[in-house]
Amino acid sequence: MTARGAGTAVSLALALGLGACTSFYEIPIETPISPKLDVSAFRRVLVVGFISGGSEDVDANLETVRLLRSQLRSRSGMAVIEADPLPLAEIARENAGPAAEPVGDVATDAVQIRTQRDLDTFEHIFADVAYWKKLGEEYQEPLIVTGTILFTPHQRSGMVERTQEVQDQFGRRRTIPVRTYMERKGFILSPKFVFIDGRTGTTLYSETFREEILYNAQQNTPALSSYFELMDRLIPSFLSTLSTQKIRGTRVLLK
Amino acid sequence: MGYSGIEYPMKFRAFVLAALFFGLLSPAAYADRRSEAKSQVDFGINVAQRGLWKEAQYRWERAVEIDPTYAAAWNNLAVAYEQQGQFDEARKAYEKAVDLAPNNLLIQQNYDLFKEINDRTRSRDSR
């Protein structure tokens, strides 16, 4: 039985008067979830920047750096280093040397990343221990947070279920589920967070996520608000890597 | 070696008397234990409602020591362990509570909610 199912069963039991036989007290609890990474050795964290691509409407590198720094400031025990986000894609291209094959749309000097394949060609920078160690030394050996972000427009059409209000023969209103064909568009956010030890330059941990959101095709939702909506879903998982998070819930105490 | 003709009835009588004595005494002793455990449970609930979970945990630990068959005390103890992130202890206490009161839906609901969080944490850690 799932927790939700159990909840329904319990409510039913209570409604039937079983609850009257037992003294019980509902109490709020906060369950602490320990972090995935032991960051006790670090007093500072540097969100250095992300290799980003996809939609041109959002600067995913800049927005992600800002968002993560603000979250870490209020919800982690480490001091957040303020520094300009690094253009990691360009640094990766330079570090790869002149022999490196150009990727994406290279009509201009700026690196254009449109797909996951484009992003993958920059992954080598995260294994560049010497580069990260040097950067760590510059900032007094912090925990370094970096990675890749792909934020792409997306559209999908198909049958969707929605509720519709109807009136029965006695004039009573009720809602029924109806399936309709709908054209929808939205965005996909695929970030990969990489945590690097600023003392050694080695990767401590990395985690990849994927979130998508779809709206009615007629709805005009700005890319930036979709970006924040999707990031909101990921932030708890990101933070649980570095700091203890508390899951709020209720339990029943019995006499 | 068998009993002699005189010893047997004496020992048998002593045994019967002892059985009668403890037979009559044990329900009363059980009631006393439950009553003492119940007062610990009540006090624990009182302090837990004020956020004093350490004290509540201590009280419920005492309650299950006094009366290890008290399902409600095991349930409450499990909640206290959970609140403090002691998941292994919480699981054992919930299992004990469920074993003692398999039909108690409130205990089962607590246990299901605990498992949902605990399993999520474990699957995340094993990634």
Side-chain angles (χ1 to χ4, degrees), chain A residues 1-38 192-195 204-210 234 236-255, chain B residues 34 37-51 53 56 59-60 63 70-87 90 94 97-98 100-101 103-127:
Chain A
M1 188 192 284
T2 64
R4 206 166 290 147
T8 314
V10 168
S11 305
L12 192 66
L14 293 178
L16 289 169
L18 285 178
C21 304
T22 322
S23 294
F24 67 94
Y25 302 85
E26 205 169 41
I27 193 159
I29 67 160
E30 289 189 341
T31 311
I33 304 292
S34 51
K36 296 172 218 173
L37 259 184
D38 177 12
K192 178 184 179 185
F193 299 118
V194 180
F195 299 87
L204 294 171
Y205 180 75
S206 71
E207 192 164 1
T208 305
F209 298 92
R210 185 185 186 280
L234 300 173
S237 294
F238 168 79
L239 289 171
S240 70
T241 308
L242 306 172
S243 56
T244 300
Q245 298 300 303
K246 290 193 169 174
I247 299 181
R248 289 198 181 127
T250 55
R251 297 289 183 274
V252 177
L253 298 178
L254 303 172
K255 274 200 172 181
Chain B
R34 177 51 63 97
K38 199 174 178 315
S39 68
Q40 295 288 341
V41 163
D42 290 352
F43 192 87
I45 291 173
N46 203 325
V47 290
Q49 285 172 324
R50 296 182 208 165
W53 285 97
R59 294 293 167 176
W60 294 328
Y70 195 179
W74 283 107
N75 168 78
N76 298 357
L77 183 57
V79 174
Y81 285 141
E82 197 184 352
Q83 156 80 22
Q84 289 166 96
Q86 299 172 35
F87 297 121
Y94 274 130
V98 170
L100 289 167
N103 297 322
N104 189 316
L105 290 174
L106 296 168
I107 294 176
Q108 192 59 53
Q109 180 198 20
N110 277 347
Y111 188 33
D112 286 339
L113 288 167
F114 162 76
K115 280 194 289 187
E116 203 171 279
I117 291 176
N118 199 244
D119 293 349
R120 207 191 310 161
T121 313
R122 277 169 194 269
S123 70
R124 188 197 69 181
D125 289 346
S126 63
R127 262 188 296 189

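Each chain gets a letter, A, B and so on, in the order its sequence line appears, and its residues count up from 1.
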Got a second to check how far [X]'s [atom1] is from [Y]'s [atom2], nearest 0.5 Å?
{"X": "A/Tyr25", "Y": "B/Asn46", "atom1": "OH", "atom2": "CG", "value": "9.0 Å"}
{"X": "B/Leu113", "Y": "A/Thr31", "atom1": "CG", "atom2": "OG1", "value": "9.5 Å"}
{"X": "B/Gln49", "Y": "A/Ile27", "atom1": "CD", "atom2": "CD1", "value": "5.5 Å"}
{"X": "A/Arg251", "Y": "B/Leu106", "atom1": "CZ", "atom2": "CG", "value": "13.0 Å"}

Can you find a pair of side-chain heavy atoms, one from [X] and one from [Y], that are under 4.5 Å apart?
{"X": "A/Leu253", "Y": "B/Trp60", "answer": "yes"}
{"X": "B/Ile45", "Y": "A/Lys255", "answer": "yes"}
{"X": "A/Ile33", "Y": "B/Phe87", "answer": "yes"}

If one checks every heavy atom of A/Thr250 against chain B at 4.5 Å, the contacting part turns out to be backbone

Show the numbers, then the answer: is there a side-chain contact (heavy atoms from CB on, under 4.5 Å) between A/Leu254 and B/Val41? CA-CA 8 Å; A/Leu254 303 172; B/Val41 163; over 6 Å; no

Please report the closest heavy-atom contact between B/Asn75 and A/Val252, naming both atoms and the distance. ND2-O, 3.0 Å

Give, as side chain, backbone, both or neither, the part of [X] having an atom under 4.5 angstrom from any heavy atom of chain A.
{"X": "B/Asn76", "result": "both"}
{"X": "B/Ala48", "result": "both"}
{"X": "B/Tyr111", "result": "neither"}

Output the option from B/Ala97, B/Ala80, B/Ala72, B/Ala90 having the highest count of non-hydrogen pairs under 4.5 Å with chain A. B/Ala72

